[in-house]
Amino acid sequence: MDYATLKSLRSSDFEDAADGYRAVGDMASQAKEDLENQIAAKMQEQLEGKAVDAAVKQLRKAATNFHYTQIECGVIATALNALAQDLQDAKNKLEAAVEDALSAKFTVGSDGSVSYPAAGEKVEGEVPKGGTVIGSPGGKATNNPIDIAGDANDTAGALGRQAENNHPNPHYGRAVACANRIAQAIHEATEADSKWAPKLRKLKADDDLTVSNRDWTDVQKDTREVREGAADYLDDIKAPPKDSMSNASWWKGLSEQEKADYISMYPASLGAMDGIPADARDEANRIVLAEKRAEYQVRRDAIPDEPEPRSMNNSKWLLWAGKYKAERDKLDSALNGMRAIQERFDKTGEGRLPEAYLLGFDPEANKDGRVILANGNPDTADHTAVYVPGTKTVLGNIEDELGKSDALWRQSAKVAPGESVSTIMWFDYDAPRSAKPGDSGDIRPEAMYDRHAEKAVDSLRGFLDGIELAHQIAAPPHEFAPEGHSHTTLIGHSYGSTVIGDVAQDHDFENPLPVDDIVAVGSPGMQADRAADLGLKPKHVWAMGGGGDDEDVRLGGRVVGLGDNWVIPTDESFGANIMKSDSGSHGGFWAEERGKASLSLQNQANVIVGKYADVSLDSEAHW
């Protein structure tokens, strides 16, 4: 880049182009939203048949294309804005140098050279002549064309400064300084152009209508390269320490462009931040889901087929197993979980299920992954339920846990018509593999202790604080939430109730747990011997047990000490409301038969929407 080009450059042209790409991305986002949550959802809600299924399938493919377009446009827009800033910074330096030169009555040539007039004390009867200098980005003035290839070395620089100080014309030193600043500005603009030109050329998709796994992995690569190049541009919007209050304040203070840039460049970071609005977290986590699903599938496809027979006597199989089996099983489990999340997105509209919000996703978090998914927007819901699953939960079997959250939403919405409900499946901890000795022949000592629950305290508490704060910001007080607070119920199944017990006891009067009710389902113990220890009035603590293997789980928890002093929530001495249950097993509390909810499910739903009088009890809480 030369002097004339930089002088006439309009960085706003690049910003306008970025705005154009952002507008296209916004249109693609809206089209995706309409296809998934309006058109396809309404078709599934009101119509049936093979033709409908085929049409919905095509709509989903189109939605995927729009999602890909949205993400790539966001990456391109950020790149253009970063390029504009780099060039504008260089131009600002150029303009400042030129202004200083002109204020000294110097002349700046079309090549960036600086001419200065005759001045100074006479030497041999003559005033020292004026001259013209051409700067160097290294700080050494020359009479040669501007050198943007490299800086002068330290020795040359020192000699140049000495010459400036000893020059008989007092204007010489200032002219050199201005010329060097001009050269440095041109050098920086040239570097910016050289840095961004190849990056922008790479940002193009295949000329087909199929978004392949390779396309998604390319998005990851594109984002990484742009993020590295735009480090200075993005530096002003780095996230604060990750607590809910500072996150919410930071997000609120960003411009719309900065928010869009952050989602494009740091989706994984933003998706994990408590206190951020649900729609922003969902957008970020869906990017992560699409990219990780493609990445894992590409890795899975690269693993050779398993040799037959699968026998210790087959040397080929032994070699394959030693090299690939663990990785294959890990990838298969993760892909099963990601498929289940996508299937929940695709079910929007079925049985009037609302739009899903992916509030957390990372297949590599903890030991078995992170999934936090909401039915309905908790930021605006009148009633919110956070469901914490228990032992054996992993990303690979998350479909079962999502199904329980779906059932909770269906029944809660049914018993509270006209009120909005959000049910959230929260899995963001390392769940132990077994809660009872001898389960499936696999005794896991880790399941007999509280350490997994203890490690989950900060993450669950941060999430609860975050959704409470986001709700207060998004939803003003109204009929069902007169104080701007969503009625929130925390439900724990099995070891999930142990997690809740630890979280609930980790509080003080100035910082109470932001929930209205706690429900323990099939609990092996909450590390408390009284309902009052959980920080709520006992009348807002609820417990439910079942038959069959659920009785074994509760006995096992009592024996190994998850119940403090051998007391578990379904004991009358615990002091909670003991709800009636018709579950015949440890996993049957969310059963639905031909659209009719079980008594166990009905009771949970009535607590969720605050219809306490409709809850069937075996014994009432100790008030």
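Note that this is a predicted model, so its numbers are computed, not measured.
A donor-acceptor pair under 3.5 Å is absent between the side-chain atoms of Asp571 and the main chain of Ser573, judged by distance alone. A donor-acceptor pair under 3.5 Å links the side-chain atoms of Thr78 to the main chain of Gly74, judged by distance alone. Not a single donor-acceptor pair under 3.5 Å links the side chain of Arg370 to the backbone N or O of Asp362. Checked by atom type and distance alone, the side chain of Ser494 never pairs as donor or acceptor with a backbone atom of Gly496 at under 3.5 Å. Side-chain N or O atoms of Asn247 include one that pairs as donor or acceptor with a backbone N or O of Asp274 at under 3.5 Å. Side chain of Gln527 to main chain of Gly561: a donor-acceptor pair is present (N/O by atom type, distance under 3.5 Å, no hydrogens or angles). Judged purely by atom type and a 3.5 angstrom limit, Thr423 uses its side chain to pair as donor or acceptor with the backbone of Ser405. With hydrogens and angles disregarded, a donor-acceptor distance shorter than 3.5 Å links the side chain of Asn577 to the backbone of Lys539. Of the possible donor and acceptor atoms, one in the side chain of Asp582 sits under 3.5 Å from a partner among the backbone N and O of Leu599.
Annotation: Glu343, atom CD; neighbour count of heavy atoms from other residues, nucleotides and ligands within 6.0 Å is above 12. Taking a 6.0 Å sphere around CD of Glu399, one finds it holds 12 or fewer heavy atoms contributed by other residues, nucleotides or ligands.
Using a cut-off of 4.0 Å between Lys/Arg side-chain N and Asp/Glu carboxylate O, Glu36 and Lys32 are scored as salt-bridged. With respect to Arg451 and Glu454, no salt bridge is recorded, no charged nitrogen being found less than 4.0 Å from a carboxylate O. Taking the charged nitrogens against the carboxylate oxygens, Lys347 and Glu350 have no contact shorter than 4.0 Å, which rules out a salt bridge. Salt bridge Glu593/Lys596: absent, no basic N to carboxylate O contact under 4.0 Å.
For Tyr387 and Trp409, the ring centers are positioned 6.0 Å apart or more.
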